[in-house]
Undergrad: 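Structure incoming, see below.
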Amino acid sequence: MPPPRLDVLIIGAGFSGICAAIKLKQRGSVDFEVHEKADGIGGTWRENVYPGATCDIPSHFYCFSFEPNPDWSRLYSPQCEIRAYIERCVDTYGIRSHFRLGSKVSALRFDDEAGLWEVRFANSESRLARFVINGSGSLHKPNIPPFEGAERFTGVQMHSAQWDPAFDPAGKRIAVIGSAASAVQIVPEIARSAETVLLFQRTPNYVFRRGDFAYSDRQKRRFRRFPALMRLLRWKMVLEREWGIFRIVSNARVRQRLGRYLKERVPRKVSNEAYHEVLIPDYELGCKRILISDDFFDALNRDNVELVSESIARMTETGIVTADGSERPVDAIVYATGFDLAGHWLAIDVTGQGGVALADRWRNGAEAYRGVLVPGFPNYFTVTGPNTGVGTTSMVHMIEQSVGWIMKCIDLAGEDGLVSVTQEACDAYNRRVHAALAGTVWSSGCDSWYRNPNGRIETLYPWNGLRFAKQMRTVDRRDVRIERHDCRREPA
């Protein structure tokens with residue numbers, strides 16, 4: 001007996017999967033499911049619950065444009081509010097019944113004869129689907145470097161994305177390994193109660209002032225009464241990033257001027273002179289992710305916080321030994337070491353037409369047409385695929401554009417179509433993308449998570465968010481092929 005059949009199967013219950021589910025329901029679709037490996041909704045904002053977890057994009061821009069929220073508490077609202085917003089969207093649009101939690105997709109195989117995707121789950125069950133929308137995010141697969149002796153350490157060890165809510169930092173000696181986006185949020189929070197905090201830094205970062213503030217009750221009432229105010233505020237945030245922050249990526253004079261300012265700011269903000277030199281980057285502003293914080297430098301001024309720039313040699317049962325031979329005893333180690341951003345695309349075993357595996361196709365680099373379609377994988381869409389990441393704008397904005405384009409493709413397919421992209425169109429698109437990336441600061445030579453081990457940038461979109469919206473507004477029928485196929489037939 002063949003497995004049950006579904007029209008659209010969505011993978012992931014974060015912003016991408018929820019946006020896809022909402023748009024499917026709005027177009028009248030009822031035969032779809034959202035499969036999520038975790039036991040709850042929220043994606044990144046369900047998993048990252050470490051102290052101080054906050055988005056680096058202002059909340060009125062880090063939300064769906066079609067579902068503004070007048071009740072954000074702050075300019076940059078914390079993790080718990082973002083997750084609550086996501087949950088509220090699920091209920092507002094009546095899609096909760098479509099979710100299947102604790103359902104991990106392990107493999108996808110395209111049946112050439114049936115024109116359907118066979119979806120296999122970790123519990124060995126399977127399902128058939130006409131369309132698969134992979135909405136799994138990139139910030140869910142922790143990257144933990146292999147430190148010698150880590151298995152011998154007897155204290156607490158956890159990645160920032162696997163934070164134990166029961167862990168109490170009060171009175172403890174805590175090592176934080178890594179000094180980028182999550183670390184600059186964690187350290188100021190745990191330093192308030194920990195006995196000591198050791199921040200192990202490999203590479204310094206540029207740190208902008210966040211400028212966070214709380215919205216007053218009066219402002220929130222005005223947002224509720226006059227929704228146009230929220231739309232205007234959102235557009236202000238959009239333009240600040242499109243016309244302001246994006247210039248750091250594309251304009252050398254702008255980033256050099258701002259880079260000098262941020263370097264000169266370090267000695268003014270950090271009292272310990274021994275830290276000044278090691279906190280100043282030797283690469284161009286924007287080559288690595290730019291950090292924002294109002295209290296990171298203040299935390300470094302605390303007596304119970306130490307910045308350690310010596311590399312880690314090994315770990316012992318009770319502490320960390322650095323390259324100079326010094327051993328520092330700690331009770332807990334927090335890995336603020338980021339994520340395997342590219343690995344999430346291949347976290348599921350995907351096999352397309354003719355038995356070709358996606359892992360084999362991408363052996364020399366991940367590429368997709370508009371970040372969504374891969375030749376030879378019809379009716380399979382990635383919401384945040386190769387070269388759709390951003391460093392200057394809202395990822396939710398990018399997700400909305402990709403999902404909107406996917407809906408157009410599904411509409412074109414009709415009841416019996418297979419949507420695919422030609423190899424020529426995919427190659428041409430990626431040539432343009434990588435030619436443009438060569439002219440950005442991300443290609444200026446520093447070692448960053450934007451680049452794979454071969455130096456190729458597979459994560460970032462080279463232009464701004466408004467251009468992405470424009471390119472996703474229509475489906476170019478010269479590039480996308482619709483093949484009619486009787487998908488109602490039973491598979492062999």
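Values in this document were obtained by computation on a predicted structure and should not be read as measured data.
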Undergrad: Restricting to disulfide (SG to SG under 2.5 Å), what partner residues turn up for C446, sequence neighbours left out?
TA: C287

Undergrad: When you compare the side chain of P378 with that of F110, does any pair of heavy atoms fall below 4.5 Å?
TA: yes

Undergrad: Do F200 and Y335 make the cut of ring centroids closer than 6.0 angstrom?
TA: no

Undergrad: Does the side chain of I292 reach to within under 4.5 Å of the side chain of V207, using non-hydrogen atoms?
TA: no

Undergrad: Just by distance, do the side chain of E189 and the backbone of Q185 share a donor-acceptor pair under 3.5 Å?
TA: no

Undergrad: Any side-chain heavy atom of V421 sitting closer than 4.5 Å to one from V374?
TA: no

Undergrad: Answer yes or no: is there a donor N or O on one side and an acceptor on the other, between the side chain of N251 and the main chain of R253, under 3.5 Å?
TA: yes

Undergrad: Would you give the length of the straight line joining atom CG of L199 to atom CG of L307, rounded to the nearest 0.5 angstrom?
TA: 5.5 Å

Undergrad: Within a reach of under 6.0 Å around CZ of R484, are more than 12 heavy atoms found that belong to other residues, nucleotides or ligands?
TA: yes

Undergrad: Is the shortest heavy-atom distance from the side chain of D295 to the side chain of S293 under 4.5 Å?
TA: yes

Undergrad: Could you tell me whether R478 and E424 make a salt bridge, using a distance below 4.0 angstrom between a side-chain N and a carboxylate O?
TA: no

Undergrad: Check the orientation of Y369 and W405. Use parallel for under 30°, tilted for 30 to 60°, and perpendicular for over 60°.
TA: tilted

Undergrad: With ring centroids as reference points, do H159 and F339 lie under 6.0 angstrom apart?
TA: yes

Undergrad: Please say whether the positively charged group of K263, taken as NZ for Lys or CZ for Arg, lies over the ring of Y206, i.e. under 6.0 angstrom from the six-membered ring centre and within 45 degrees of the axis.
TA: no

Undergrad: Do any N or O atoms from the side chain of W117 and from the backbone of D111 form a donor-acceptor pair under 3.5 angstrom?
TA: no

Undergrad: For the pair S443 (side chain) and L437 (backbone), establish whether a donor and an acceptor sit closer than 3.5 Å, ignoring hydrogens and angles.
TA: yes

Undergrad: Can a donor-acceptor pair be found, under 3.5 Å and without considering hydrogens, that links the side chain of N134 to the backbone of F381?
TA: no

Undergrad: Inspect the surroundings of CD in E277 and state if more than 12 heavy atoms from other residues, nucleotides or ligands are less than 6.0 Å away.
TA: no

Undergrad: Atom OH in Y85, atom OG in S59: separation rounded to 0.5 Å?
TA: 10.5 Å

Undergrad: With a 4.0 Å cut-off, would you call D39 and R46 a salt bridge?
TA: yes

Undergrad: Are the aromatic rings of F131 and F32 close, with centres under 6.0 Å apart?
TA: no

Undergrad: Specify whether Y62 and W45 have parallel, tilted or perpendicular ring planes, treating 30° as the upper limit for parallel and 60° as the lower limit for perpendicular.
TA: perpendicular

Undergrad: So, D212 and R210, do they make that salt bridge, N to O below 4.0 Å?
TA: no

Undergrad: Would you find a donor on one side and an acceptor on the other, under 3.5 Å apart, between the side chain of T382 and the backbone of G371?
TA: yes

Undergrad: If every non-hydrogen atom of L9 is compared with every non-hydrogen atom of A129, which pair is closest and at what distance?
TA: CB-CB, 4.0 Å

Undergrad: Can you check whether E367's main-chain N or O pairs, donor with acceptor, with W362's side chain at less than 3.5 Å?
TA: yes

Undergrad: Verify the neighbour count for atom CZ of F66: are there more than 12 heavy atoms of other residues, nucleotides or ligands below 6.0 Å?
TA: yes

Undergrad: Just so I know, are the side chains of L279 and V270 near enough to count as touching, which here means a heavy-atom distance under 4.5 Å?
TA: yes

Undergrad: Do the rings of Y380 and F377 sit parallel, tilted or perpendicular, given the 30° and 60° boundaries?
TA: tilted

Undergrad: Does atom CD (Q423) have a neighbourhood of more than 12 heavy atoms from anything else shown, all under 6.0 Å?
TA: yes

Undergrad: Might you work through the salt bridge (charged side-chain N to carboxylate O under 4.0 Å, His left out) test for D447 and K288, ending with a clear yes or no?
TA: CA-CA 8 Å; D447 182 20; K288 291 178 178 285; 5.5 Å; no

Undergrad: Using side chain to side chain donor-acceptor pair (under 3.5 Å), reason through N205 and T203 one step at a time and then give a plain yes or no.
TA: CA-CA 7 Å; N205 296 283; T203 308; over 6 Å; no

Undergrad: Yes or no on side-chain contact (heavy atoms from CB on, under 4.5 Å) for R120 and V105, after CA distance, side-chain angles and deciding distance?
TA: CA-CA 6 Å; R120 297 176 183 172; V105 175; over 6 Å; no

Undergrad: Are Q353 and D112 close enough that a side-chain donor and a side-chain acceptor fall under 3.5 Å?
TA: no

Undergrad: Between D411 and K408, does any side-chain N to carboxylate O distance fall below 4.0 Å?
TA: no

Undergrad: Roughly how far, to the nearest 0.5 Å, is CZ of R130 from CG of L116?
TA: 8.0 Å

Undergrad: Measuring from L128:CG to R109:CZ, what's the distance to the nearest 0.5 Å?
TA: 9.0 Å

Undergrad: Heavy-atom distance under 4.5 Å between the side chains of I18 and V90, does that happen here?
TA: yes

Undergrad: Does a side-chain N-to-carboxylate-O contact under 4.0 Å join E33 and R127?
TA: yes

Undergrad: How far does CG of L262 sit from CD1 of I280, to the nearest 0.5 angstrom?
TA: 10.5 Å

Undergrad: So F64 and F15, ring-ring contact (aromatic ring centres under 6.0 Å, His included) or not? Walk me through it.
TA: CA-CA 9 Å; F64 295 129; F15 270 110; 5.3 Å; yes

Undergrad: Please list every donor-acceptor pair under 3.5 Å in which a side-chain atom of residues 240-247 meets a protein atom from a residue at least two apart or in another chain.
TA:
unit_1	atom_1	unit_2	atom_2	d
E240	OE2	K236	NZ	2.5
R241	NH1	M237	O	3.1
E242	OE1	G465	N	2.9
E242	OE1	L466	N	2.6
E242	OE2	G465	N	3.4

Undergrad: Does the pair V334 and I177 meet the rule for a side-chain contact (heavy atoms from CB on, under 4.5 Å), with working shown?
TA: CA-CA 6 Å; V334 176; I177 299 176; over 6 Å; no

Undergrad: Answer whether the closest heavy-atom distance between the side chains of I399 and T384 falls below 4.5 Å.
TA: yes

Undergrad: If you count the non-hydrogen atoms of other residues, nucleotides and ligands that lie under 6.0 Å from CZ in R314, is the total more than 12?
TA: no

Undergrad: Going by distance alone, is a donor N or O of one side chain under 3.5 Å from an acceptor N or O of the other, for S65 and E400?
TA: yes

Undergrad: Using 0.5 Å steps for rounding, measure from the SG atom of C55 to the CD1 atom of I82.
TA: 5.0 Å

Undergrad: So, S179 side chain and Q201 main chain: donor-acceptor pair closer than 3.5 Å or not?
TA: no

Undergrad: Any Lys/Arg nitrogen of E284 or R255 sitting under 4.0 Å from an Asp/Glu carboxylate oxygen of the other?
TA: yes

Undergrad: Given side chain to side chain donor-acceptor pair (under 3.5 Å), test Y429 with Q471 step by step and report yes or no.
TA: CA-CA 11 Å; Y429 176 79; Q471 84 167 29; 3.1 Å; yes

Undergrad: Using only atom types and a distance under 3.5 Å, with no angle test, would you say the side chain of H434 pairs donor to acceptor with the backbone of E458?
TA: no

Undergrad: Side chains of T54 and D56 only: does a donor on one sit below 3.5 Å from an acceptor on the other?
TA: no

Undergrad: Measure from the side-chain N and O atoms of R234 to the backbone N and O of C63, and report whether any donor-acceptor pair falls under 3.5 Å.
TA: yes

Undergrad: Please walk me through it: do K37 and L101 pass side-chain contact (heavy atoms from CB on, under 4.5 Å)?
TA: CA-CA 6 Å; K37 62 182 175 63; L101 303 179; over 6 Å; no

Undergrad: Between R481 and E483, does at least one N-O distance fall below 4.0 Å, as a salt bridge requires?
TA: no

Undergrad: Output, in order, the C-alpha distance, side-chain angles, deciding distance and verdict of side-chain contact (heavy atoms from CB on, under 4.5 Å) for N454 and N364.
TA: CA-CA 10 Å; N454 297 325; N364 296 320; over 6 Å; no

